[in-house]
Amino acid sequence: MSVPPPEPTPAPTTLGALLRPVLGRLVLTALCSAVAAVASVVPLVCLVELARTLLPGLTGGPVDEGGAWAAVAVAAAALALRLVLLLCASTVSHLADVRLGSLLRRRVVGHLGRVPLGWFTQRNSGLVKKAVQDDVGALHHLVAHSVTELTTALVVPAVIVGYLLLTDPLMTVITLVPVAAGMLGLKIATRGTTHKLIEYAGSQARLGAAAVQFTDGITEVKTFGTLGRAHDAYREAAEDFDDRHRDWMRSSSAGATFMELALSPMTLLLTTVLAGGALVHSGHLGGPAELLPFVVLGLAIPAPVLAVGFNYHALLAARGAAARVREILAESVLPAPAEPAAAPDAGAALRLESVDFDYGGHAALRGIDLTLRPGTVTALVGASGSGKSTLAKLAARFHDPSAGRITLGGTDLRALSFEDLYDHIGFVFQDTTPLRISVRDNIRLARPDADDTEVLRAVSAARLTEVVEGLPRGLDSVIGDDAVLSGGECQRIAIARALLADRPLLVLDEATSAVDPDSEAAIQQALSALSAGRTLLVIAHRLHTVRGADTIAVLDGGRIVEQGTHEELLENGTHYRALWAAHQGGEEPQRPDDTTESELSNR
């Protein structure tokens with residue numbers, strides 16, 4: 001059956017594309033903010049006009065009371081309008097932020113649900129958490145605040161400058177001199193900020209990693225007397241962080257200080273009054289009343305500009321977070337067929353036919369031909385890095401092969417729906433971490449409708465009964481809260497889950513190489529129950545556990561160099577014979593309780 005080519009997954013390539021779902025709301029926010037910005041200038045203009053109206057009264061002249069009250073009424077109306085519009089703008093922008101956050105989180109999680117499962121083995125949970133929670137959360141300032149701030153920073157100065165130009169162009173230019181100097185200071189303060197912010201974030205991450213590493217390894221550090229040397233790594237990371245932070249502050253402090261001095265009310269007031277006084281004295285301005293608009297309105301220009309300057313770093317951080325979200329959404333996904341093929345029979349054979357797999361420009365597997373016949377055990381053995389885990393993950397479609405194909409019952413895995421595929425294939429890997437939910441829900445992840453009778457049957461088969469009975473709330477105990485499980489107990493949780501799921505084909509990564517003898521025996525007994533009547537693909541780290549396998553495939557350099565039974569490979573093979581000799585040479589004397597260890601291979 002032919003497999004349809006992968007469909008391209010559209011991903012936002014620009015910030016605008018990422019914000020497109022809430023673009024209409026952001027435009028409405030900008031319009032409300034623009035009108036509110038104009039309305040914020042009106043009371044200042046009314047104040048100037050009111051002063052001009054009342055000034056004749058100081059010299060005993062007539063006062064236009066109607067004009068004075070009109071100015072007060074217009075100012076009050078403008079303030080009320082500004083309050084309403086700012087409330088509307090803030091409400092709309094925050095609703096846009098909530099909507100975008102919800103959409104992006106669902107989109108990122110949905111996208112991560114379709115990327116190759118192997119993607120997660122190359123990245124830790126911190127990256128996923130950062131993308132889903134931190135980076136999406138960092139967009140809050142960009143969506144909820146920056147539109148209002150930037151609109152106000154543009155509109156308020158533009159309206160004020162327009163009004164002042166109509167009053168007196170020369171005095172307007174003089175009033176803007178401190179503002180221009182402040183903008184120059186802002187440019188100096190933010191010069192190279194993007195690069196320095198990246199360096200700062202990197203040094204902060206290294207400091208955090210060094211702190212965690214030191215804390216996690218404190219027992220070994222103290223036991224082996226390496227406290228001073230262990231401190232050195234943290235000290236170096238702290239010094240690097242301190243150097244980066246100091247360099248950043250040193251490079252920006254002079255510009256920031258100059259900006260704040262230039263835009264301070266005192267500087268603006270002195271510039272306006274001194275220059276205006278000179279122009280009044282020279283006769284360019286008719287009197288103090290003509291200077292009043294520049295004194296009152298000139299002081300209002302810097303405030304919105306300073307607001308943007310003070311939030312510049314938050315804006316940069318939000319843009320960086322948006323870029324990382326776009327990178328996550330641009331990750332390629334496993335293609336799903338438009339019309340999935342029929343689900344295979346429970347006894348279907350799995351075949352790898354001339355399979356190649358490349359990773360990061362490296363040839364991980366080449367020319368793999370392997371058949372997993374129903375009801376048999378196939379073991380993958382070989383040196384570390386030979387490709388065992390990669391081959392097993394291809395069989396479970398954690399990745400798609402670069403060339404060749406993998407079939408289940410004659411149907412290419414890429415032509416099956418993911419539901420049908422994972423209804424047929426299950427896996428238990430060496431490293432397993434239960435979710436922070438109840439023991440019951442951990443076990444029935446694959447079958448949420450399973451009742452307690454079925455769960456307890458799986459618990460018994462996985463040799464977990466004593467563990468569950470010893471927990472404070474039994475099956476209701478939440479792992480991580482009510483119960484802290486050992487590595488062997490976590491492994492048996494995974495085995496119980498696989499038993500309950502009841503998949504006909506299982507991929508197993510031998511899980512007993514790093515546990516104590518008691519856990520090892522219990523896990524081997526649980527694996528024996530799990531493997532009964534199923535097709536197994538086993539990654540073998542210790543050869544004696546799979547010497548009874550129906551087929552042993554020996555990998556070397558990403559190729560299967562030998563296949564056969566244990567006896568056939570010892571008699572005719574070279575690579576396997578060398579592996580077995582090395583294994584026998586390093587094997588400990590067999591313990592009396594080791595009889596359970598061979599149950600899986602001799603079932």
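For clarity, every value in this text was computed on a predicted model and none was experimentally measured.
Aromatic ring orientation, Y422 versus F427: perpendicular (interplanar angle above 60°, classes split at 30° and 60°).
A distance-only check finds a donor-acceptor pair linking the side chain of T175 to the backbone of M171 [under 3.5 Å]. Although no hydrogens or angles enter the test, the distance criterion places no donor-acceptor pair under 3.5 Å between the side chain of S90 and the main chain of L86. Remark: side-chain polar atoms of D97 are not paired, donor with acceptor, to backbone N or O of S93 under 3.5 angstrom. A donor-acceptor contact shorter than 3.5 Å links the side chain of R497 to the backbone of N442. The backbone N or O of I437 lies less than 3.5 Å from no partner atom in the side chain of D441, so there is not a single donor-acceptor pair. A donor-acceptor pair under 3.5 Å links the side-chain atoms of S402 to the main chain of D358, judged by distance alone. Proximity of a side-chain donor or acceptor of R436 to a complementary backbone N or O of G480 within less than 3.5 Å is detected. T267 contributes a side-chain N or O that, together with a main-chain N or O of L261, makes up a donor-acceptor pair within less than 3.5 Å.
Using a 4.5 Å cut-off on side-chain heavy atoms (C-beta onward), H145 and H140 make contact. No side-chain heavy atom of H94 sits under 4.5 Å from any side-chain heavy atom of R99. For the pair L85 and L31, the minimum side-chain heavy-atom distance is 4.5 Å or more. Side-chain contact check for L18 versus V325: some heavy-atom pair is nearer than 4.5 Å. The shortest side-chain heavy-atom distance between V35 and R82 does not fall under the 4.5 Å cut-off. With contacts defined as side-chain heavy-atom distances shorter than 4.5 Å, the pair L139/L142 qualifies.
Here L23 contributes atom CG and R20 contributes atom CZ; the two are 8.0 Å apart, rounded to the nearest 0.5 Å. One finds the OG1 atom of T91 at 10.5 Å from the CG atom of L28 (value rounded to the nearest 0.5 Å). Distance check: L279 CG to H281 NE2 gives 11.5 Å after rounding to the nearest 0.5 Å. Atoms CD1 and CG, on I160 and L165 in that order, are 12.0 Å from each other to the nearest 0.5 Å. Of the inter-residue distances, the one linking R107 atom CZ with L112 atom CG reads 12.0 Å to the nearest 0.5 angstrom. Distance CG/L47 to CZ/R52: 11.0 Å, rounded to 0.5 Å.
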Side-chain atoms of residues 290-306: list all donor-acceptor pairs with protein atoms under 3.5 Å, sequence neighbours left out, distances to 0.1 Å.
from, atom 1, to, atom 2, distance (Å)
E290, OE1, G286, N, 3.1
E290, OE2, G286, N, 3.4

Determine all donor-acceptor pairs shorter than 3.5 Å in which one atom belongs to a side chain in residues 70-79; sequence neighbours excluded.
none

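Closest approach of A34 to T151, counting heavy atoms only: N-CG2, 3.5 Å. Summarising the geometry of L471 relative to S477, their closest heavy-atom pair is CB-OG, 3.3 Å, with the distance given to 0.1 Å. Nearest heavy-atom pair, R25 versus A96, reported as atom, atom and distance to 0.1 Å: CB-CB, 3.9 Å. Pairing each heavy atom of L485 with each of C490, the nearest pair is CB-SG, 3.8 Å. Scanning all heavy atoms of the two residues, the minimum distance from S40 to V156 falls at OG-CG2, 3.8 Å.
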Margin query: Run the side-chain contact (heavy atoms from CB on, under 4.5 Å) test on V439 and D482 for me, step by step, so that the C-alpha distance in whole Å, both residues' side-chain angles and the decisive distance to 0.1 Å come before the verdict.
Written below: CA-CA 10 Å; V439 174; D482 302 315; over 6 Å; no

Next item on the list: Evaluate the criterion side-chain contact (heavy atoms from CB on, under 4.5 Å) for residue pair V155 and V38; output intermediate values, then yes/no.
Entry: CA-CA 7 Å; V155 173; V38 174; 3.8 Å; yes

Notebook entry, point to check: Could you go step by step and tell me if V98 and L95 meet the side-chain contact (heavy atoms from CB on, under 4.5 Å) rule?
Noted result: CA-CA 5 Å; V98 171; L95 287 175; 5.5 Å; no

Note to self: Walk me through whether I479 and L435 qualify under side-chain contact (heavy atoms from CB on, under 4.5 Å).
What the structure shows: CA-CA 7 Å; I479 296 177; L435 302 181; over 6 Å; no

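Remark: T167 engages no residue in a side chain to side chain donor-acceptor pair (under 3.5 Å) (not counting sequence neighbours). Listed by chain and residue number, nothing satisfies the ring-ring contact (aromatic ring centres under 6.0 Å, His included) test with H284 (two or more places apart in sequence, or in another chain). Residues passing the side chain to side chain donor-acceptor pair (under 3.5 Å) test with R440 are D452, D476, sequence neighbours excluded.
Within the structure, side-chain hydrogen bond (donor to acceptor under 3.5 Å, both in side chains) pairs that include any residue of residues 154-166 comprise E49-Y163 (at least two apart or interchain).
None of D168, T271, T272 except one satisfies the side-chain contact (heavy atoms from CB on, under 4.5 Å) rule with I174; the exception is T271.
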